[in-house]
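This report concerns only the one structure given below.
Heavy atoms only: backbone and side chains are in, while hydrogens, waters and symmetry mates are out.
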Amino acid sequence: IDSDIQIKNFGIVCDGDNTEKFILEAKNILEAKGIIFKYFSYPENKGQAYAVNLALKNITGEFFICFDCDDIMSVDSISEKVSFLKNNPEYSFCSSQVDIVNKDWEKIPFISQEHYFKNKNLFWDILSLNCQPFHCLCRTEKFFNTTKNKEISIKKAGQNLQILLPVAYNGNFGYIDKILSKYIQH
């Protein structure tokens, strides 16, 4: 976990798998850097939606980002997105280009959808084109203004869309034309 911006709070949810050992190692590293580390755990795996809801109920910062444990953000990913949103208050959330790689870190060629993401109103693009940006940084207030009880539906799939669609419907989307993360396709 490395960033060129001072992260004040970092929260992680462990939903009953075998990653607790690694989480506690990360906790020590982050706390040594002065970061407030919030660790939440379920005794058994209840699924991603439960984990997302537990995280959402404990968000306290101005912005939040959701990503999976096997996705990689560049050192400047968060700072670029925070800077973008601070300099563009009309946007509710933003994302950037992403490299898609396989488990061996080989880049997977894909049809770029970046021209869709340059549209400020992303809601209809997500629905009609079945595409979505990765690793969006959202303004916490904008998200909670669109979501009841700080939670999403408990479904087996679609957690990212449940976060993105309400914000996309009610707010503008910003796109940073730079690769700031890697998505590992399994």
Can you find a pair of side-chain heavy atoms, one from Lys86 and one from Glu62, that are under 4.5 Å apart? yes

For Tyr91 and Phe173, which heavy atoms make the closest approach, and how far apart are they? CE2-O, 3.0 Å

Measure the spacing between CD of Glu90 and CG of Leu85 and express it to the nearest 0.5 Å. 9.5 Å

All heavy atoms of Ile163 vs all of Cys138, minimum pair found to be CG2-SG, 4.5 Å

Inspect the surroundings of CD in Glu141 and state if more than 12 heavy atoms from other residues, nucleotides or ligands are less than 6.0 Å away. no

Any chance you could measure Gln48, atom CD, to Asn53, atom CG, to the nearest 0.5 Å? 10.5 Å

How about CZ on Phe84, more than 12 heavy atoms from neighbouring residues, nucleotides or ligands closer than 6.0 Å, or not? yes

Spatial distance of atom CG (Asp99) from atom OH (Tyr183) [nearest 0.5 Å]: 13.5 Å

Establish whether Val101 and Ile179 are linked, either directly or via other cluster members, by ILVMFWY side-chain heavy-atom contacts under 4.5 Å. no

Using a distance-only test with no angle check, is there a side-chain donor-acceptor pair under 3.5 angstrom linking Thr60 and Lys38? yes

When you compare the side chain of Asn28 with that of Phe37, does any pair of heavy atoms fall below 4.5 Å? no

Value rounded to 0.5 Å, distance of CG in Asn170 from OG1 in Thr146: 6.0 Å

Below 4.5 Å, heavy atoms only, C-beta onward: do His135 and Ile65 meet side chain to side chain? yes

Asn102 and Ile108: which non-hydrogen atoms are nearest, and at how many Å? N-CD1, 3.7 Å

Taking the side chain as C-beta and beyond, is there a heavy-atom pair between Phe144 and Ile59 under 4.5 Å? yes

Over all heavy atoms of both residues, which pair between Thr140 and Gly61 is shortest? Give the atoms and the distance, please. OG1-O, 2.8 Å

Looking at side-chain heavy atoms only, is the closest gap between Lys81 and Ile78 below 4.5 Å? no

Which heavy-atom pair separates Cys136 from Phe93 by the least distance, and what is that distance? SG-CD1, 4.0 Å

Report the distance from atom CZ of Phe63 to atom NZ of Lys142, rounding to the nearest 0.5 Å. 11.5 Å

Name all residues meeting the ring-ring contact (aromatic ring centres under 6.0 Å, His included) criterion together with Phe64; count only those two or more places apart in sequence or in a different chain, and write none if there are none. Phe143

Given 3.5 Å as the limit, does a donor-acceptor pair link the side chain of Ser181 with the main chain of Met73, or not? no

OG1-CD1 distance between Thr147 and Ile152, expressed to the nearest 0.5 angstrom: 9.0 Å

Looking only at non-hydrogen atoms, find the nearest pair between Glu151 and Lys57 and report the distance. OE1-NZ, 3.3 Å

Is there a path of hydrophobic side-chain contacts, each under 4.5 Å between heavy atoms of I, L, V, M, F, W or Y residues, that connects Ile36 with Ile29? no

